[in-house]
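Atoms within each ligand, like the ligands themselves, are counted from 1 in listed order. Since the model is a prediction, treat every value here as computed from it, not as a measurement.
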Amino acid sequence: MLSEIRTRPPLLCTERLALRELRLDDARNVAERAGDKRVARYLIAVPSPYPVALATRWIIGRLAWWGQGRGVTMAIVRREAPDQLLGSVSLRRYARDRRAELGYWLGAESWGSGIATEAARALIEFGFRDLGLAKIYAQVLEGNRASCHVLEKLGMIEEGTRRRHIRKGKRLLDVTLYGVLEDEWR
Ligand SMILES: CC(C)(COP(=O)(O)OP(=O)(O)OC[C@H]1O[C@@H](n2cnc3c(N)ncnc32)[C@H](O)[C@@H]1OP(=O)(O)O)[C@@H](O)C(=O)NCCC(=O)NCCS
């Protein structure tokens, strides 16, 4: 497949947004926005506050995913402001099983106008069309109603809840699984 031999992920555009590769100079925005308590509380491995040095390491790790065939992480930006990272959206790929886990977050100032749904829809389409995936799924920490709603809007089906499955801080949290199969997406 053509995408398999690309050395960098392609720019993906939607009506309002562009999904571009992360850059090291996004680190400050990542730290500020993902490290915001309202965002970090629903992300498994993000502390609040989030030091810029840790955000830089996260970006370096995510940039390596593509070349290793492990998936892709894109910065979400407005088409007219490509330098201003609003959030990120990712697919962590498990090639053997032809599936990938969708992940996303958005700075709180951008919530509530459909941006996460628009960005995730574009990356799911890319995953099925260009990465040859058969299934895309997501894991939502308990209480995250907004994210469940995003996944439902995307046509994902709830697949069940794993009880006290993931530790966040000192608490063990339930995780609800959502998924969509390639033929359901088409
Ligand atoms: C989840 C998140 C990405 C959503 O971003 P967003 O751009 O506001 O999402 P959208 O606008 O596309 O859709 C959100 C939907 O949830 C709804 N919603 C928001 N808060 C809600 C709540 N507490 N309960 C139920 N629905 C809620 C919105 O009304 C909207 O639905 P609508 O379009 O039918 O009105 C954002 O809240 C976020 O970054 N949260 C923290 C990190 C996170 O949860 N990441 C996902 C981990 S699985």
Side-chain angles (χ1 to χ4, degrees), residues 12-20 22 26-50 54-55 58-59 61-62 65 71-81 84-94 99-127 133 135-169 171-180 185:
L12 302 175
C13 289
T14 68
E15 195 183 333
R16 294 178 292 174
L17 307 171
L19 307 183
R20 63 156 170 81
L22 287 166
D26 290 322
R28 183 166 298 280
N29 267 329
V30 170
E32 268 173 26
R33 289 177 166 76
D36 179 330
K37 275 198 179 60
R38 294 167 290 179
V39 178
R41 65 189 287 225
Y42 290 124
L43 301 175
I44 294 165
V46 174
S48 178
Y50 193 6
L54 205 55
W58 177 78
I59 291 171
R62 293 301 181 102
W65 274 12
V72 61
T73 303
M74 302 295 249
I76 303 171
V77 298
R78 288 193 184 275
R79 290 173 73 138
E80 68 277 13
Q84 184 65 26
L85 174 144
L86 307 178
S88 83
V89 59
S90 59
L91 286 175
R92 171 70 174 95
R93 179 183 187 203
Y94 298 88
R99 64 177 155 85
E101 179 175 348
L102 174 73
Y104 47 80
W105 58 266
L106 197 64
E109 72 284 353
S110 307
W111 289 3
S113 57
I115 291 180
T117 306
E118 188 171 324
R121 183 172 285 124
L123 198 63
I124 292 172
E125 177 61 26
F126 175 68
L133 297 173
K135 175 176 186 175
I136 294 176
Y137 67 102
Q139 308 192 68
V140 184
L141 295 184
E142 69 181 67
N144 194 352
R145 302 279 309 279
S147 188
C148 292
H149 202 70
V150 168
L151 297 169
E152 284 157 9
K153 285 196 292 179
L154 289 166
M156 287 209 183
I157 291 170
E158 191 187 323
E159 296 183 332
T161 295
R162 308 184 92 171
R163 296 172 305 150
R164 293 194 200 156
H165 193 68
I166 285 181
R167 185 171 63 81
K168 175 75 186 167
R171 294 183 60 214
L172 290 171
L173 300 178
D174 293 354
V175 173
T176 300
L177 296 167
Y178 283 82
V180 62
W185 183 258

Which atoms of ligand 1 have any heavy atom of [X] under 4.0 Å away?
X: V150; result: 4 (C), 9 (O), 13 (O), 14 (C)
X: T117; result: 10 (P), 12 (O), 13 (O)
X: S113; result: 11 (O)
X: Q139; result: 48 (S)

Heavy atom of the protein closest to [atom] (residue, atom name, distance):
atom: atom 13 (O) of ligand 1; answer: K153 NZ, 3.0 Å
atom: atom 48 (S) of ligand 1; answer: S147 OG, 3.3 Å
atom: atom 38 (C) of ligand 1; answer: W111 NE1, 3.4 Å
atom: atom 2 (C) of ligand 1; answer: A116 CB, 4.3 Å
atom: atom 25 (C) of ligand 1; answer: R145 CB, 3.6 Å
atom: atom 11 (O) of ligand 1; answer: G114 N, 2.8 Å

Just heavy atoms, cut-off under 4.0 Å: does [X] contact ligand 1 by side chain, backbone, both, or neither?
X: A108; answer: neither
X: E118; answer: neither
X: N144; answer: side chain

### Query
For A138, is the nearest heavy atom under 4.0 Å from an atom of ligand 1?
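So A138 does not count as touching ligand 1.
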### Message
Check for me whether R41 has a heavy atom closer than 4.0 Å to any atom of ligand 1.
### Response
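No heavy atom of R41 comes that close to ligand 1.
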### Task
For R164, look at atom CZ and say whether over 12 heavy atoms of other residues, nucleotides or ligands are found less than 6.0 Å away.
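Count not over threshold, so no.
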For a 4.5 angstrom cut-off between non-hydrogen side-chain atoms, does [X] reach [Y]?
X: S88; Y: W58; value: yes
X: F126; Y: R121; value: no
X: L102; Y: I124; value: yes

#### Entry: Under 3.5 Å side-chain donor-acceptor pair for T117 and K153
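There is such a pair (donor and acceptor under 3.5 Å, judged by atom type) between the side chains of T117 and K153.
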### Qualifying residue for side chain to side chain donor-acceptor pair (under 3.5 Å) with S147, from W105, Y42, Y104
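Single side chain to side chain donor-acceptor pair (under 3.5 Å) partner of S147 among W105, Y42, Y104: Y104.
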#### Entry: Selected option - heavy-atom contact closest to atom 21 (C) of ligand 1, from A146, S88, G112
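Considering heavy atoms of A146, S88, G112, the nearest to atom 21 (C) of ligand 1 sits in A146.
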#### Entry: Contact bool for atom 40 (N) of ligand 1 (protein heavy atom, d < 4.0 Å)
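Given the 4.0 Å limit, the answer for atom 40 (N) of ligand 1 is yes, a protein heavy atom qualifies.
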Is the closest basic N to carboxylate O distance between [X] and [Y] below 4.0 Å?
X: E159; Y: K135; value: yes
X: D26; Y: R20; value: yes
X: E142; Y: R171; value: yes

Hey, is ligand 1 close enough to [X] that some N/O pair sits below 3.5 Å?
X: H149; value: yes
X: V140; value: no
X: L43; value: no
X: Y104; value: yes

### Task
List the steps, then state whether side-chain hydrogen bond (donor to acceptor under 3.5 Å, both in side chains) holds for Y178 with E152.
CA-CA 8 Å; Y178 283 82; E152 284 157 9; 3.2 Å; yes
#### Entry: Ring-face cation contact, W65 with R92, 6.0 Å cut, 45° max
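Yes.
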### Query
Would a distance-only check, ignoring hydrogens and angles, find a side-chain to backbone donor-acceptor pair under 3.5 Å from E101 to L91?
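Side chain of E101 to backbone of L91, a donor-acceptor pair under 3.5 Å: no, none is there.
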